[in-house]
Amino acid sequence: MLRAAVQGREGREVQAVRLLVDTGSSCTTLPLQIVEKLGYDLQNSIRSISMIAANGIIEAPVVAVSWFNCLGERIENFPVVAYTLPKGTFWQGILGMDFLTLCQVVIAVEEAEIRIRQSIDE
């Protein structure tokens, strides 16, 4: 688990979130309530996706947040899935393979570390 930050629409506040690193998840997911609080319009999302969840297959909106910052990497216009995880979880969302691949993240199991292979700006 780690922390990330996301900026609201049109420069609104920045919100910190606790995310579970999930290499089995294709997409990064943020809680629906936080995405709405930050001013993103879920009725006019860039698309929706079908996800397999504990309750079956669900449809969830995808919105492009102004910026998303995690592991020291800030991504502009980063698409996230707006979906609230079940109650009782310690984390608020999921850091998925979309971010991990884009930032060339290396998960060093033996050292219990997550590293960025190289800066995405290089």
Side-chain angles (χ1 to χ4, degrees):
M1 188 181 68
L2 43 80
R3 294 184 67 81
V6 60
Q7 184 180 41
R9 187 169 176 255
E10 298 175 358
R12 287 191 187 189
E13 67 190 87
V14 173
Q15 176 76 45
V17 291
R18 292 181 314 274
L19 302 178
L20 174 71
V21 177
D22 186 354
T23 59
S25 178
S26 299
C27 303
T28 296
T29 304
L30 297 178
L32 189 71
Q33 297 87 347
I34 289 177
V35 173
E36 286 178 321
K37 177 184 169 192
L38 291 172
Y40 294 102
D41 183 3
L42 300 176
Q43 301 303 317
N44 293 311
S45 60
I46 56 175
R47 68 181 183 275
S48 66
I49 65 166
S50 297
M51 295 186 341
I52 298 173
N55 299 337
I57 298 176
I58 60 157
E59 289 288 320
V62 177
V63 297
V65 296
S66 297
W67 57 255
F68 177 83
N69 190 319
C70 190
L71 296 170
E73 296 293 330
R74 180 175 153 158
I75 311 296
E76 306 279 331
N77 298 312
F78 185 66
V80 298
V81 176
Y83 176 71
T84 301
L85 297 174
K87 298 248 187 256
T89 57
F90 184 67
W91 48 86
Q92 296 169 296
I94 295 170
L95 187 66
M97 287 302 295
D98 53 352
F99 180 87
L100 299 172
T101 302
L102 180 65
C103 294
Q104 298 183 16
V105 170
V106 174
I107 299 174
V109 177
E110 192 170 305
E111 293 89 16
E113 291 181 351
I114 298 174
R115 300 186 290 261
I116 302 294
R117 181 174 294 161
Q118 64 185 28
S119 174
I120 60 173
D121 294 331
E122 293 178 359

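These values consider heavy atoms only, across backbone and side chains, with no hydrogens, waters or symmetry-generated copies.
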Asker: Mind checking side-chain hydrogen bond (donor to acceptor under 3.5 Å, both in side chains) for N69 and listing every partner two or more places apart, or none if nothing turns up?
Answerer: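 N69 satisfies side-chain hydrogen bond (donor to acceptor under 3.5 Å, both in side chains) with no residue once adjacent residues are dropped.
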Asker: If we only count heavy atoms from C-beta on, is the N77 to V65 side-chain gap below 4.5 Å?
Answerer: no
Asker: Taking only residues two or more places apart in sequence, or in another chain, which ones meet R3 in a side-chain hydrogen bond (donor to acceptor under 3.5 Å, both in side chains)?
Answerer: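 Checked R3 against side-chain hydrogen bond (donor to acceptor under 3.5 Å, both in side chains); zero matches.
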Asker: Roughly how far, to the nearest 0.5 Å, is CE of M97 from CG of D22?
Answerer: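 These two atoms lie 10.0 Å from each other.
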Asker: side-chain contact (heavy atoms from CB on, under 4.5 Å), that's the test. Do C70 and L95 meet it? Break it down for me.
Answerer: CA-CA 9 Å; C70 190; L95 187 66; 3.9 Å; yes
Asker: Which residue pairs pass the ring pair (Phe, Tyr, Trp, His ring centres under 6.0 Å) test with at least one member in residues 9-45, sequence neighbours excluded?
Answerer: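 Matches after skipping sequence neighbours: none remain.
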Asker: Under the rule for salt bridge (charged side-chain N to carboxylate O under 4.0 Å, His left out), what residues qualify as partners of E76, not counting sequence neighbours?
Answerer: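 For E76 the salt bridge (charged side-chain N to carboxylate O under 4.0 Å, His left out) partners, ignoring immediate neighbours, are R74.
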Asker: Excluding sequence neighbours, so at least two apart, what forms side-chain hydrogen bond (donor to acceptor under 3.5 Å, both in side chains) with E111?
Answerer: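 Partners of E111 under the side-chain hydrogen bond (donor to acceptor under 3.5 Å, both in side chains) test: none.
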Asker: Could you tell me the separation between the OG atom of S25 and the CG atom of L100, rounded to the nearest 0.5 Å?
Answerer: 9.0 Å
Asker: Going by the rule salt bridge (charged side-chain N to carboxylate O under 4.0 Å, His left out), which residues pair with E110 if we only count those two or more places apart in sequence or in a different chain?
Answerer: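 Not a single residue meets the salt bridge (charged side-chain N to carboxylate O under 4.0 Å, His left out) criterion with E110.
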Asker: Where is the tightest heavy-atom contact between S48 and E59, given as atom of each residue plus distance?
Answerer: OG-OE1, 3.3 Å
Asker: Using links of under 4.5 Å between side-chain heavy atoms of ILVMFWY residues, direct or through other members, which residues join M1 in one cluster?
Answerer: L20, I46, I49, M51, I58, V62, V81, Y83, L85, F90, W91, I94
Asker: What are the two closest non-hydrogen atoms of G11 and Q7, and how far apart are they?
Answerer: CA-NE2, 3.5 Å
Asker: Excluding sequence neighbours, so at least two apart, what forms side-chain hydrogen bond (donor to acceptor under 3.5 Å, both in side chains) with T23?
Answerer: none
Asker: For R115, what residues pass the salt bridge (charged side-chain N to carboxylate O under 4.0 Å, His left out) criterion, not counting sequence neighbours?
Answerer: E113
Asker: Do any side-chain atoms of residues 28-38 form donor-acceptor pairs under 3.5 angstrom with protein atoms, and if so which ones, sequence neighbours left out?
Answerer:
residue	atom	partner	partner atom	Å
T28	OG1	G96	N	3.2
T28	OG1	D98	OD1	2.7
Q33	OE1	T84	OG1	2.6
K37	NZ	Q15	OE1	3.2

Asker: Who else is in the cluster with V106 when I, L, V, M, F, W and Y are joined by side-chain contacts under 4.5 Å?
Answerer: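 Direct or chained contacts put V106 with none.
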Asker: Going by side chain to side chain contact (heavy atoms under 4.5 Å, CB included), E73 matches just one of L102, V105, I116. Which one?
Answerer: I116
Asker: If you look only at pairs with a residue in residues 51-76, which of them pass as a ring pair (Phe, Tyr, Trp, His ring centres under 6.0 Å), with sequence neighbours excluded?
Answerer: F68-F78, F68-F99
Asker: Answer yes or no: is there a donor N or O on one side and an acceptor on the other, between the side chain of S45 and the main chain of V63, under 3.5 Å?
Answerer: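 Not a single qualifying donor-acceptor pair exists.
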